[in-house]
Amino acid sequence: MPATAVVDMGKTHTRLHLFEDAAAAGHIVDRCVTPYIEGEDYPCLDEEAVWAWMRNAFADASAHTAIARVIVTTHGAAAACVAADGSLSAPIMDYEAEIPGPVSTAYEAERPTFAETGSPSLPAGLNLGRQLAWQAALGQLDRARHILTLPQYWAWKLCGVAAGELSALGCHTDLWRQDGEGPSSLAQDRGWARLLPPLAGAGDVLGTVSAEVQASTGLTADCQVHCGVHDSNAALYAMARATQRLRLADPLFISTGTWSIVMAPGRPATALDQTKDTLTNIAVDGRTVPTARFMSGPEYAVLAGTEKGSPPEIDGIQQAIDRRALVTPNLTGDIAGGPFAGRIGRIEPASADDRLRRALAALYIPLMWDKMLTLVAPGERRAPIVVEGPAATPEMTGVLAALRPDAAVYRSEDEISPALGAAFLADATSASRMPALSAIAAIRLDGLDAYKAAWRKAVSLP
């Protein structure tokens with residue numbers, strides 16, 4: 001069977017997945033560290049290195065598999081400004097780049113309202129418009145013909161067709177109206193709207209791979225290139241498909257990786273508090289989705305290490321509760337965002353050993369999820385919850401189930417929901433590829449309610 005190839009570009013790793021038939025769950029055939037480098041003006045993606053890796057990965061895969069279609073899913077807050085000659089008019093900025101104070105202050109005065117775009121004011125370059133303001137101040141947009149969000153940039157590299165897409169444009173960019181009806185007032189006033197190509201659907205075919213790409217990858221002339229999708233929205237699409245099989249009513253979703261993204265489709269956005277890192281995303285079908293964000297991956301790494309080691313022990317979690325050991329946000333600074341953005345976190349006791357730190361991580365991340373769920377779906381203590389990604393461990397989802405005893409909690413047994421969602425968008429025959437969900441029983445933890453109250457009191461302190 002012809003395969004679907006999915007390039008899943010995260011902030012730290014990029015993977016090439018192959019889905020070779022409708023029954024296959026998909027497998028990773030190659031991966032690389034996504035390289036961000038110190039550019040001349042700001043930290044940026046090493047575009048040449050990623051493009052070389054991508055072509056080599058396709059060449060290796062196509063040597064033994066017939067690839068019929070390609071789709072790319074990437075993180076948000078990233079765009080490529082492309083000149084008429086096909087070169088980059090500006091390096092692709094790392095969203096963790098610190099925008100110069102005068103540029104950021106001036107931008108803050110002109111950015112659209114939260115009511116218009118659903119985008120809160122975020123640190124560093126997490127509002128894509130703030131990146132563009134710096135690039136414009138540097139004169140790097142003078143040659144730009146297109147502003148392409150990152151999934152669509154790679155699609156353009158593969159087939160030469162420029163397109164925009166709602167899930168990427170509606171992801172805290174400041175560039176698009178949250179009702180999905182067009183570019184924001186900022187994009188219009190700055191003249192950036194004319195650089196945004198016409199919209200296509202995430203799964204739409206833009207064209208076939210170019211002759212140059214064929215020569216360097218072994219992909220065939222009839223290999224289709226699909227528009228592409230924002231990774232959290234791809235994960236949402238996959239999880240929503242999976243929950244349909246279980247007939248879950250109005251589930252809430254948590255997608256994890258570098259970020260924990262809590263999504264509440266079907267809920268109103270009227271109660272969102274932009275000061276707590278809540279926002280609206282635009283789903284692939286154009287729906288507005290109340291969302292909360294928190295950079296949980298690096299926070300977890302500070303506590304428990306970056307590599308997967310021994311899981312936390314249940315008795316260790318209980319001992320952390322008994323000792324009132326706790327973690328307050330944010331351990332990694334302003335970039336972590338979340339409900340307590342701007343706080344300086346701490347670990348108590350500071351002398352916690354590795355065992356206790358793993359236990360604290362298994363408490364801290366679910367406590368943050370619980371708070372974020374309250375922000376996007378206030379009062380909904382019974383709504384089912386689905387968690388996917390690296391943090392969807394039995395221990396952390398078990399703690400979440402204990403924190404929300406009236407809700408059914410499920411974890412995805414796959415860690416590739418963005419790739420699964422992208423594959424389904426490109427090939428609608430792949431329904432059987434959807435993530436397998438497991439119901440999670442609450443971990444019995446004595447004194448958890450009192451511990452939660454103590455933690456909330458601690459995080460409310462200045």
Side-chain angles (χ1 to χ4, degrees), residues 71-79 111-122 126-130 132 146-153 155 161-206 226-241 250 252-253 255 261-272 274 277-293 376-377 418 421-422 424-426:
I71 187 167
V72 180
T73 181
T74 79
H75 61 78
R111 60 182 299 272
T113 64
F114 185 70
E116 180 184 348
T117 66
S119 297
S121 178
L122 299 173
L126 283 166
N127 294 120
L128 182 55
R130 203 180 304 267
L132 295 175
H146 297 303
I147 296 173
L148 300 174
T149 40
L150 198 53
Q152 289 67 51
Y153 171 68
V161 177
E165 191 275 326
L166 279 175
S167 72
L169 286 167
C171 172
H172 50 84
T173 64
D174 286 346
L175 302 181
W176 207 259
R177 293 168 54 91
Q178 69 168 313
D179 59 14
E181 292 302 315
S184 68
S185 56
L186 169 75
Q188 299 282 5
D189 294 344
R190 278 279 196 157
W192 298 336
R194 64 180 175 79
L195 302 178
L196 299 174
L199 292 181
D204 287 356
V205 176
L206 299 183
H226 295 256
C227 183
V229 60
H230 172 229
D231 55 7
S232 296
N233 277 283
L236 174 63
Y237 191 75
M239 288 188 289
R241 299 287 305 185
D250 298 322
L252 301 166
F253 300 99
S255 178
I261 308 294
V262 176
M263 295 168 278
R267 277 72 172 183
T270 52
L272 297 181
Q274 62 175 314
D277 209 348
T278 62
L279 61 148
T280 57
N281 275 336
I282 302 177
V284 294
D285 60 3
R287 291 181 301 159
T288 298
V289 180
T291 303
R293 311 170 334 119
V376 297
F424 190 89
L425 285 164

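For the single chain, residues carry numbers from 1 onward in sequence order.
Applying the side chain to side chain contact (heavy atoms under 4.5 Å, CB included) rule to A78 yields the partners H75, L150; only residues at least two apart in sequence or on another chain are considered. In this structure R177 satisfies the salt bridge (charged side-chain N to carboxylate O under 4.0 Å, His left out) test together with D179, sequence neighbours excluded. Residues passing the side-chain hydrogen bond (donor to acceptor under 3.5 Å, both in side chains) test with T113, sequence neighbours excluded: none. Qualifying side chain to side chain contact (heavy atoms under 4.5 Å, CB included) partners for L206, counting only residues two or more places apart in sequence or in other chains: A155, C159, V161, A163, A200, C227. For S232, the side chain to side chain contact (heavy atoms under 4.5 Å, CB included) partners are H230, I261, not counting sequence neighbours. Contacts of Y153 classified as side-chain hydrogen bond (donor to acceptor under 3.5 Å, both in side chains), with partners at least two apart in sequence or in another chain: E47. With sequence neighbours excluded, the residues satisfying side-chain hydrogen bond (donor to acceptor under 3.5 Å, both in side chains) with R287 are D285. With sequence neighbours excluded, no residue satisfies salt bridge (charged side-chain N to carboxylate O under 4.0 Å, His left out) with D250. Applying the side-chain hydrogen bond (donor to acceptor under 3.5 Å, both in side chains) criterion to S255, with sequence neighbours excluded, gives E388. Residues passing the side chain to side chain contact (heavy atoms under 4.5 Å, CB included) test with A162, sequence neighbours excluded: H146, L148, W156, P197.
Contact annotation: the side chain of T278 never approaches that of V262 to less than 4.5 Å [non-hydrogen atoms, C-beta and beyond]. Counting only heavy atoms from C-beta outward, the side chains of H172 and T291 never approach each other to under 4.5 Å. With a 4.5 Å cut-off on side-chain heavy atoms, W176 and P183 count as touching. Counting heavy atoms from C-beta outward, L272 and L279 have side chains that stay 4.5 Å or more apart. The shortest side-chain heavy-atom distance between L169 and I282 does not fall under the 4.5 Å cut-off. Contact check for L425 versus H226: no side-chain heavy atoms found under the 4.5 Å cut-off.
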May I have the step-by-step check of side-chain hydrogen bond (donor to acceptor under 3.5 Å, both in side chains) for S121 and R130, ending in yes or no? CA-CA 10 Å; S121 178; R130 203 180 304 267; 3.2 Å; yes
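The minimum heavy-atom distance between L166 and G286, with the atom names listed, is CD1-CA, 4.0 Å. Nearest heavy atom pair, residue V72 against residue P151, reads O-CB, 3.7 Å. Considering every non-hydrogen atom in both A426 and I71, the closest pair reads CB-CG2, 4.0 Å.
For the pair T173 (side chain) and L128 (backbone), a donor-acceptor distance under 3.5 Å is absent.
Each salt bridge (Lys or Arg N to Asp or Glu O under 4.0 Å) pair with one or both residues in residues 181-191, not counting sequence neighbours, appears once here: E110-R190.
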